[in-house]
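The residues of the chain are indexed from 1 along the displayed sequence.
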Amino acid sequence: MMRPKIVPVLISFHTPRWIRVGLGSYLRCFPEDRVLVIDNNPHKEEPGWEPACEEERSWLANRDDINLIRH
């Protein structure tokens, strides 16, 4: 029986610790999948920006097992 095509999606927004746990847990269960991650963190000149936004953005950009869309 074929598994249906599923595209898992995560939205990153002020979640530098949580996204590591969530993404890691998902990929341990489904290592053959790629996850679509939408980086919705504000940029430095935007309201709500904090250094953790860049930490999260950098961590995501260095992964090769996700598809990243930056806002």
Side-chain angles (χ1 to χ4, degrees):
M1 183 171 175
M2 289 187 61
R3 186 174 145 202
K5 183 70 175 166
I6 297 171
V7 178
V9 178
L10 284 175
I11 309 295
S12 68
F13 181 76
H14 293 281
T15 55
R17 288 174 205 85
W18 180 90
I19 201 154
R20 293 170 195 240
V21 172
L23 191 57
S25 295
Y26 183 87
L27 291 173
R28 271 191 298 283
C29 292
F30 303 100
E32 71 283 354
D33 283 2
R34 289 186 65 84
V35 178
L36 175 61
V37 179
I38 300 171
D39 177 3
N40 202 31
N41 283 299
H43 292 276
K44 197 168 190 173
E45 64 280 355
E46 297 176 331
W49 180 87
E50 55 188 53
C53 297
E54 292 306 315
E55 173 191 338
E56 185 171 8
R57 183 171 284 125
S58 176
W59 184 80
L60 290 168
N62 288 310
R63 297 198 55 102
D64 60 1
D65 55 355
I66 66 169
N67 294 326
L68 181 61
I69 296 176
R70 296 182 182 122
H71 104 106

I'd like to know if Val9 and Tyr26 are part of one continuous hydrophobic network [Ile/Leu/Val/Met/Phe/Trp/Tyr, side-chain heavy atoms within less than 4.5 Å]. no
Check whether any side-chain heavy atom of Ile6 lies under 4.5 Å from a side-chain heavy atom of Phe30, and answer yes or no. no
Would the distance check show the side chain of Asn41 and the main-chain N or O of His14 forming a donor-acceptor pair, the cut-off being under 3.5 Å? yes
Nearest heavy atoms of Pro42 and Trp49, plus distance in Å: O-CD1, 3.2 Å
If Ile, Leu, Val, Met, Phe, Trp and Tyr residues are connected whenever their side-chain heavy atoms lie under 4.5 Å apart, and connections chain through other members, are Leu68 and Val35 in the same group? yes
With a 4.5 Å limit on heavy-atom distance, are the side chains of Ile66 and Leu10 in contact? no
Test your reading of the model: is there a side-chain donor-acceptor pair from Ser25 to the backbone of Val21, 3.5 Å cut-off? yes
For residues Leu36 and Leu27: do they belong to one hydrophobic cluster (side chain heavy atoms under 4.5 Å, members Ile, Leu, Val, Met, Phe, Trp, Tyr)? no
To the nearest 0.5 Å, atom CG of Asp39 lies from atom CD1 of Ile19 at 8.0 Å
Are Arg63 and Leu23 packed together at the side-chain level, in the sense that at least one heavy-atom pair is separated by less than 4.5 angstrom? yes
Check whether Arg20 reaches the backbone of Glu56 with its side chain - one donor and one acceptor, N or O, closer than 3.5 Å. no
Looking at CG of Asp65 and CD of Glu32, how far apart are the two atoms once the value is rounded to the nearest 0.5 Å? 12.0 Å
Nearest-0.5 Å distance, CG of residue Asn40 to OG of residue Ser12: 7.0 Å
